[in-house]
2 protein chains.
Amino acid sequence: MTKFFDNIDSKNKYKLLRSFKADTHNFKENEDITNIVFERNVIALLVSGSVNLIRNNENGNDFVLDKIEENNIISDVIYTINKDDYYLITTEETEIVTMNYSDVINYRGKNKYYPILIRNMFDIINSKAKLFNERINIMARRGIRNKLLAFFEIQFKKNNSRNIYLPFTFTEMADYLGVDRSAMTREMKLLKDEGFIKTTGKRITLLYK
Amino acid sequence: MTKFFDNIDSKNKYKLLRSFKADTHNFKENEDITNIVFERNVIALLVSGSVNLIRNNENGNDFVLDKIEENNIISDVIYTINKDDYYLITTEETEIVTMNYSDVINYRGKNKYYPILIRNMFDIINSKAKLFNERINIMARRGIRNKLLAFFEIQFKKNNSRNIYLPFTFTEMADYLGVDRSAMTREMKLLKDEGFIKTTGKRITLLYK
DNA sequence: TCTGTAATGTTGCAACTGCAACAATACATA
DNA sequence: TATGTATTGTTGCAGTTGCAACATTACAGA
């Protein structure tokens with residue numbers, strides 16, 4: 001997975017940040033940075049420290065959706081975020097740099113690492129776009145069963161194995177598919193009963209075709 | 001909307017294409033180019049001519065989802081495509097250039113327009129990612145009503161107007177939301193009856209809040 | 001203007017889904 | 001290992017949704 005400053009040395013990294021008139025924000029542990037990061041048209045970069053992306057269930061059962069580490073981009077483009085449902089909390093002392101998207105994209109300076117930076121960004125966004133794309137294709141199916149099967153199909157093609165190891169919990173998977181968890185469990189049980197799949201913990205084995 | 005070769009003159013455009021060992025494909029009118037374009041890891045570029053992205057309804061009611069014009073990217077990243085449901089047909093004599101993604105991204109040549117190219121690509125993908133993101137946020141809502149309201153909300157914020165002019169047909173809108181068209185119509189009627197919205201042709205007026 | 005095609009409106013119905021609530025496990029960490 | 005917390009399993013139920021089928025209206029090309 002490409003990171004923002006891959007192949008750019010530290011000196012030039014800071015030079016570039018200066019050219020973009022990047023704003024540096026420093027936080028202690030446990031600060032909410034949602035509003036700083038999810039400004040419109042802002043690219044935020046986690047320079048040091050670490051941040052949790054948390055889902056805010058109204059019943060108070062929050063949970064960590066993603067741990068974001070150094071050199072990764074956090075921005076409204078990257079995460080499928082609804083400010084009401086999610087928030088971002090630092091888990092240690094953290095430095096975040098925010099840049100204006102237009103400043104970055106319209107940079108006309110001479111730093112020879114700029115192209116590398118843009119290439120890195122392109123690669124990052126591109127992978128995200130592919131993942132988004134994938135998820136849309138799944139969510140667009142009608143009915144939970146079809147969503148599940150579409151999801152399995154993609155995992156199957158990716159790993160070329162009938163054994164799928166879930167990269168997240170079933171709770172998160174229901175969220176990923178955009179369906180109710182209990183309804184999803186019910187449908188999974190039907191698929192099992194009908195002999196389409198078999199599950200062992202977080203491993204799902206496809207028995208069909 | 002940024003295009004692939006924005007700010008790159010024709011001479012350098014072809015130089016770059018050569019560096020990428022790009023493959024040129026020529027088609028007559030009415031040829032199916034789905035398989036050439038939606039290869040894995042391929043970026044396809046419409047150099048000249050025009051292509052229709054068509055949705056393939058099993059009942060034989062195909063329809064044009066998008067007309068792709070010169071200098072646009074056509075690739076599996078850009079379009080949320082399921083090969084079974086969609087296909088691409090040239091509508092005139094058309095030249096398409098395919099490049100391997102890795103070749104483009106790992107280019108280490110000296111052409112000074114390369115950075116511009118990558119920047120263009122970044123901008124293109126970035127807008128797409130934003131749109132994908134938006135759609136996911138809508139589709140993730142439970143129930144047709146919530147999807148509709150989420151959609152309206154986004155349009156409202158975008159245009160800062162309570163009047164939403166649908167950029168597509170209701171049939172396509174149902175598809176966009178990932179729900180059954182008739183069920184969507186039914187829900188819209190309820191929203192109307194309850195006084196939340198008003199519709200006039202493709203204009204929807206929000207009456208709430 | 002006519003005509004065929006696509007889009008929209010509508011409805012019944014069976015099946016599905018979300019929701020709520022609770023039980024049973026699994027998991028992490030003190 | 002014990003204990004609290006998160007995840008998973010399960011179920012009833014009402015309301016929602018997808019599907020199929022058909023009527024009506026809008027629209028574009030001859």
Side-chain angles (χ1 to χ4, degrees), chain A residues 52 54-67 85 91 138-151 165-194 196-204, chain B residues 52 54-67 85 91 138-151 165-194 196-204:
Chain A
N52 280 348
I54 299 187
R55 188 172 66 186
N56 179 16
N57 285 2
E58 47 258 42
N59 54 15
N61 287 337
D62 296 359
F63 77 80
V64 176
L65 260 188
D66 199 4
K67 292 175 208 298
D85 299 339
T91 59
I138 291 166
M139 294 208 300
R141 307 300 168 100
R142 305 291 144 78
I144 296 182
R145 173 170 296 219
N146 291 321
K147 289 181 172 76
L148 282 168
L149 294 177
F151 175 70
Y165 296 88
L166 279 195
F168 35 48
T169 66
F170 286 99
T171 305
E172 291 169 274
M173 174 163 152
D175 229 55
Y176 177 82
L177 302 181
V179 301
D180 179 70
R181 185 192 60 81
S182 70
M184 184 189 85
T185 312
R186 188 162 36 201
E187 195 62 45
M188 293 262 289
K189 199 150 97 79
L190 288 178
L191 284 170
K192 274 189 263 188
D193 292 350
E194 293 169 32
F196 286 109
I197 61 168
K198 199 175 72 185
T199 65
T200 323
K202 293 214 187 312
R203 185 179 70 206
I204 299 168
Chain B
N52 279 349
I54 299 187
R55 188 169 66 183
N56 178 17
N57 285 0
E58 48 259 41
N59 55 13
N61 288 338
D62 298 359
F63 77 79
V64 177
L65 260 189
D66 199 3
K67 293 175 206 298
D85 299 337
T91 58
I138 292 167
M139 294 208 298
R141 306 300 168 99
R142 306 291 144 77
I144 295 182
R145 174 172 295 223
N146 290 321
K147 289 181 173 76
L148 282 169
L149 293 178
F151 175 70
Y165 294 88
L166 279 195
F168 35 48
T169 66
F170 286 101
T171 304
E172 291 169 275
M173 174 164 153
D175 229 55
Y176 177 82
L177 302 181
V179 301
D180 180 70
R181 184 192 60 82
S182 70
M184 186 189 83
T185 312
R186 188 162 35 202
E187 195 61 45
M188 293 262 289
K189 199 150 97 81
L190 288 178
L191 284 171
K192 274 187 263 187
D193 291 351
E194 294 170 32
F196 287 109
I197 60 169
K198 201 176 70 185
T199 65
T200 323
K202 294 214 188 309
R203 185 179 70 206
I204 300 168

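Chain naming here is simple, since letters A, B, ... match the order of the sequence lines and numbering starts at 1 in each.
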Test side-chain contact (heavy atoms from CB on, under 4.5 Å) on A/L190 and A/E187; report intermediate values, then the result. CA-CA 5 Å; A/L190 288 178; A/E187 195 62 45; 4.0 Å; yes

If you fit an axis to the five pairs at each end of the helix from C/dT1-D/dA30 to C/dA30-D/dT1, how big is the angle between those two axes, to 10 degrees? 70°

Say whether, by atom type as modelled, one donor and one acceptor occur between the side chain of B/R203 and the main chain of B/L166 under 3.5 angstrom. no

On a heavy-atom basis, the closest approach of A/D180 and A/A174 is C-CB, 4.3 Å

Between A/F151 and A/L177, what is the shortest heavy-atom contact and its length? CB-CD2, 4.1 Å

Would you call B/K147 and B/D175 a salt bridge, taking side-chain N to carboxylate O under 4.0 Å as the test? no

Which letter, B, S or -, goes with each nucleotide of nucleotides 8-18 of chain C from 5' to 3', with contact meaning a protein heavy atom under 4.0 Å? BBBBBB---BB

Would you name the heavy atoms of B/T169 and B/K202 that are closest together and state the gap between them? CA-NZ, 4.0 Å

Which residues share a side chain to side chain contact (heavy atoms under 4.5 Å, CB included) with B/K198, sequence neighbours left out: B/T205, B/L207

